[in-house]
Amino acid sequence: MYIPWKYTDFQDKATNVAQKLLGMYLIHRTSEVEYIGKIVETEAYGGSYRGKIDDASHAWRKRTNRNEPMFQNGGISYVYLIYGMYHCFNVVTSLKDDAQAVLIRAIEPIQGKEYMLANRKLSIPDKRISNGPGKLCTAMNITIKENSIPLWKAPLFIATPTNKEMIRIVKGKRVNISYAEKGKYFPWRFFIQGNPYVSKG
DNA sequence: AATTAGATTGAC
DNA sequence: TCAATCTAATTA
């Protein structure tokens with residue numbers, strides 16, 4: 001069982017929401033199945049850290065067609081295609097015109113595992129099914145069609161599991177942003193300590 | 001109009 | 001270590 005997040009739950013700094021999202025459910029209802037993944041790894045983007053602008057954020061320089069969802073009120077999705085082949089799913093946070101978002105980097109499959117396995121073209125169920133931002137999108141069938149839609153109601157939403165257990169949060173530097181001279185040092189990656197589905201990073 | 005590079009992944 | 005694959009963003 002789970003309780004969907006409210007509209008206002010998303011309207012906070014990305015660094016806060018990124019940590020609140022750990023242990024929460026990401027749910028995608030399709031005509032075939034209801035996918036549920038427990039969020040185990042996140043990264044915050046946008047805003048600033050110790051007076052330094054996050055130059056790793058897509059919204060750093062300017063507002064463009066692609067990053068437009070990041071400038072909207074928190075609570076919608078921001079999905080984009082990376083390297084021409086993979087999708088990345090973000091939760092937009094904060095308020096309108098303050099571009100902040102949380103990249104979901106890994107989930108632990110809770111429901112719809114057989115479908116996830118098929119989507120990933122794997123035969124053996126192990127952590128490789130969803131231990132990366134592109135992998136979880138493939139597993140849960142999240143594509144550009146799910147870009148810029150509300151995340152507090154079906155078909156794609158965040159929910160608090162009623163049986164949520166205690167977790168220990170580990171913080172570190174974000175992955176694959178070495179081009180960002182300032183941002184690469186920000187400790188804005190968060191994951192659940194000991195969870196096997198966390199990406200290699 | 002042409003070029004560049006990317007919030008990744010999987011194969012070698 | 002490196003190719004796949006393609007589009008948004010940048011440069012001319």
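So you know, we letter chains A, B, ... as the sequences are listed, proteins then strands, and number each from 1.
A heavy-atom distance below 4.0 Å to DNA chain C is reached by these residues of residues 55-62 of chain A, ordered by number: A:R61, A:K62. Residues of residues 12-28 of chain A that place a heavy atom closer than 4.0 Å to DNA chain B do not occur. Annotation: proximity of residues 98-108 of chain A to DNA chain B (heavy atom, distance under 4.0 Å) is found for A:L103, A:R105, numbered in ascending order. Applying a 4.0 Å cut-off to non-hydrogen atoms, none of the residues of residues 190-201 of chain A approaches DNA chain B.
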Pairs counted only when both distances fall under 3.5 Å, Watson-Crick or G-U: show me the 5' to 3' dot-bracket for DNA chain C, [ ] for pseudoknotted crossings and | for other-strand partners. ||||.||||||.
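With sequence neighbours excluded, the residues forming a salt bridge (charged side-chain N to carboxylate O under 4.0 Å, His left out) with A:E34 are A:R29, listed by chain and number. A:E32 is linked by a salt bridge (charged side-chain N to carboxylate O under 4.0 Å, His left out) to nothing, counting only residues two or more places apart in sequence or in another chain. Remark: A:K38 engages A:E108, A:E165 in a salt bridge (charged side-chain N to carboxylate O under 4.0 Å, His left out) (not counting sequence neighbours).
Applying the side chain to side chain donor-acceptor pair (under 3.5 Å) test to pairs two or more places apart or on separate chains, those with a residue in residues 88-97 of chain A are A:R63-A:D97, A:Q72-A:K96, A:S94-A:D98.
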Using a 3.5 Å cut-off and no angle test, enumerate the donor-acceptor pairs between side-chain atoms of residues 181-194 of chain A and protein atoms at least two apart in sequence or in another chain.
from	atom 1	to	atom 2	distance (Å)
A:R189	NE	A:E41	OE2	2.8
A:R189	NH2	A:E41	OE2	2.9
A:R189	NH2	A:S199	O	3.3

Contacts table for residues 121-134 of chain A: side-chain donor-acceptor under 3.5 angstrom, sequence neighbours left out:
from	atom 1	to	atom 2	distance (Å)
A:D126	OD1	A:R128	N	2.9
A:S130	OG	A:I107	O	2.6
A:N131	OD1	A:K135	NZ	2.9

Atom pairs under 3.5 Å, N or O on each side, protein against nucleotides 2-7 of chain C: can you list them with distances?
from	atom 1	to	atom 2	distance (Å)
C:dT5	O2	A:Y83	O	2.3

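Panel note: side chain A:T162, backbone A:M1; a donor-acceptor pair is recorded below 3.5 Å.
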